[in-house]
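By convention in this document, chain letters (A, B, ...) are assigned in the order of the sequence lines, proteins followed by strands, and residues within each chain are numbered from 1. Note: hydrogens, waters and symmetry copies are ignored here, and every other heavy atom, side chains too, is used.
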Amino acid sequence: MSLESLLAINGLQVVIKNFPYLLEGAVLTLKITVLSVIFGMILGLIAGLFKLAKNRVLFFIATAYIDFFRGTPLFVQILLLYFGILPLIINTDNPFVAAVIACSLNCGAYTAEIVRAGIQAVDRGQMEAARSLGMNTRQAMTHVILPQAYKIVIPPLLNEFIAVLKDTSLVAVISAEELTMRGKLLYSTYFEAAWIWGTVAVIYFIMTKLLAILGDFIERRMATE
Amino acid sequence: MIQVIDLHKSFGKLEVLKGVNCRIAPREVVCVIGPSGSGKSTLLRCVNQLEQANKGQIFIDGEEITSPKTDINKIRQQVGMVFQLFNLFPHKTTLENITLAPVKIKGLSREEADQVANELLRKVGLTDKSNVYPSQLSGGQKQRVAIARALAMRPKVMLFDEPTSALDPEMVGEVLEVMKDLAHEGMTMMVVTHEMGFAREVGHRVLFMDEGIIMEEGTPAQIFDNPHNARTQSFLSKVI
Ligand SMILES: Nc1ncnc2c1ncn2[C@@H]1O[C@H](COP(=O)(O)OP(=O)(O)OP(=O)(O)O)[C@@H](O)[C@H]1O
Ligand SMILES: [Mg+2]
């Protein structure tokens with residue numbers, strides 16, 4: 001096939017012409033992902049620590065939060081937040097805000113479980129040694145347990161971040177113009193399903209692959225530390 | 001220095017301590033011996049409140065540590081503990097293991113804490129290992145660092161829970177040597193051990209524990225050469 005006949009393919013033309021349009025969507029996908037991961041980590045650390053707290057109220061709050069967001073589909077959480085809850089409390093119809101809130105809450109619940117498991121994977125003797133020296137629980141956590149737990153949680157956390165990136169495609173349902181929504185819009189104009197969705201998939205794949213490579217790099221650097 | 005009165009401790013339905021009474025005088029070295037599962041570790045762990053007793057009282061230096069009003073973190077700073085499995089902090093160097101608590105809890109400056117740590121490292125014979133991580137130390141070296149770490153808080157009492165039983169035989173001596181020095185300096189010590197030689201040579205008094213109580217106590221000579229209790233006799237005949 002000659003280059004000319006290749007370029008004559010309608011689907012390819014559509015994809016080339018609209019590539020910047022799709023990339024803009026990918027940038028929004030990344031924005032939602034990065035913000036959700038940052039908020040999710042903060043939420044997850046707090047909820048994970050609450051889950052290990054002796055205090056019954058904190059434990060109950062953390063458990064309810066984690067169980068709800070892990071036990072219901074993200075798709076439903078997005079719909080519930082955008083159409084049901086956010087209009088009541090902050091009176092916004094901004095899909096970007098709703099997308100970040102929903103993905104953050106969801107990511108936080110999974111991160112909490114990773115944090116909890118990481119802390120519990122640190123040998124019990126470490127806490128006992130720290131306490132026997134006179135440290136209170138908070139001091140033992142900050143100086144002894146968390147610095148060891150963090151190495152354990154890095155690999156599963158990186159997996160979670162990749163999952164978040166892929167899951168942000170669900171926010172297309174509230175018309176946040178991230179990559180998937182842009183794909184949908186293009187499709188409804190040009191009907192070149194294979195070309196458009198194929199390109200969208202490749203862009204997602206490149207983003208997750210880059211994240212995975214970054215993750216490997218971090219893991220390898222930690223191993224040599 | 002330490003006084004334990006009618007101490008009871010259960011784990012669920014299993015009653016491990018069934019009314020333990022003992023006193024340890026200042027500068028005294030007391031060795032606790034007894035069969036596996038008799039409650040030796042549990043007793044020691046109650047003394048620094050890693051386990052909470054169900055009933056009974058413990059006093060350290062006249063202060064009741066079993067009272068809910070006591071600030072247990074303050075008490076623990078005065079009670080050093082050495083564990084069977086060392087429990088060194090693997091992410092910290094030898095020096096940092098020793099200085100962590102003095103800096104974070106007592107508020108010592110880095111320099112002051114380093115000075116204390118180096119002094120202690122000299123004492124346990126590990127000056128050349130100060131910048132090494134625990135994974136690069138032998139078992140005997142780890143345990144000596146653990147002892148230095150506990151001493152860095154300047155405790156009034158040291159508790160040892162089978163400090164040499166996880167060690168290869170050729171490393172037992174170096175740890176016992178450090179403990180012996182400590183005893184000679186007048187440290188009050190409570191030592192759970194299977195090292196009968198150490199108990200006989202260094203211990204002022206020996207407590208024989210079995211079935212959750214102290215079955216017999218006396219000087220090493222009384223316990224090892226002339227035990228009265230039939231259980232003590234049978235235990236000693238098995239271990240010596
Ligand atoms: N946290 C715990 N939960 C449940 N049971 C426990 C716990 N700690 C100890 N036990 C039980 O209490 C009993 C006494 O344990 P302890 O460790 O005090 O014995 P020990 O005299 O130190 O024995 P050893 O010489 O083997 O160290 C054992 O039967 C043990 O299984
Ligand atoms: Mg024991």
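- Under 4.0 Å is where a charged nitrogen must lie from a carboxylate oxygen, and between B:Lys156 and B:Asp61 at least one such pair does.
- The candidate from B:Leu88, B:Leu85, B:Leu159, B:Val82 with the greatest count of non-hydrogen atom pairs under 4.5 Å with chain A is B:Leu88.
- A salt bridge does not link A:Arg182 to A:Glu178: none of the charged nitrogens lies less than 4.0 Å from a carboxylate oxygen.
- For the pair B:Arg149 and B:Phe89, the distance from NZ or CZ to the six-membered ring centre is under 6.0 Å and the angle to the ring normal is within 45 degrees.
- Considering only heavy atoms from C-beta on, A:Gln77 stays 4.5 Å or farther from A:Tyr82 through its side chain.
- A salt bridge links B:Lys180 with B:Glu177: the distance from a Lys NZ or Arg NE/NH1/NH2 to an Asp or Glu carboxylate oxygen falls below 4.0 Å.
- Interface remark: A:Gln139 contributes side-chain atoms only to the contact with chain B (heavy atom separation under 4.5 Å).
- Interface summary for chain A: among B:Met81, B:His91, B:Gln77, the most heavy-atom pairs under 4.5 angstrom belong to B:His91.
- Contact annotation for residues 38-59 of chain B against chain A (heavy-atom separation below 4.5 Å, listed by residue number): B:Arg45, B:Asn48, B:Leu50.
- Residue A:Asp123 touches chain B through its side chain alone, counting heavy-atom pairs closer than 4.5 Å.
- The part of B:Lys92 that comes within reach of chain A is its side chain, from C-beta onward, which places non-hydrogen atoms under 4.5 angstrom from that chain.
- Counting only heavy atoms from C-beta outward, the side chains of B:Met209 and B:Ile33 never approach each other to under 4.5 Å.
- Between the side chains of A:Tyr204 and A:Thr180, a donor-acceptor pair is found at a separation under 3.5 Å.
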Let's go through A:Arg131 and B:Asn73 carefully: what are the C-alpha distance in whole Å and the side-chain angles of both, what is the deciding distance for side-chain hydrogen bond (donor to acceptor under 3.5 Å, both in side chains) to 0.1 Å, and is it a yes or a no? CA-CA 7 Å; A:Arg131 299 304 306 271; B:Asn73 296 318; 3.2 Å; yes

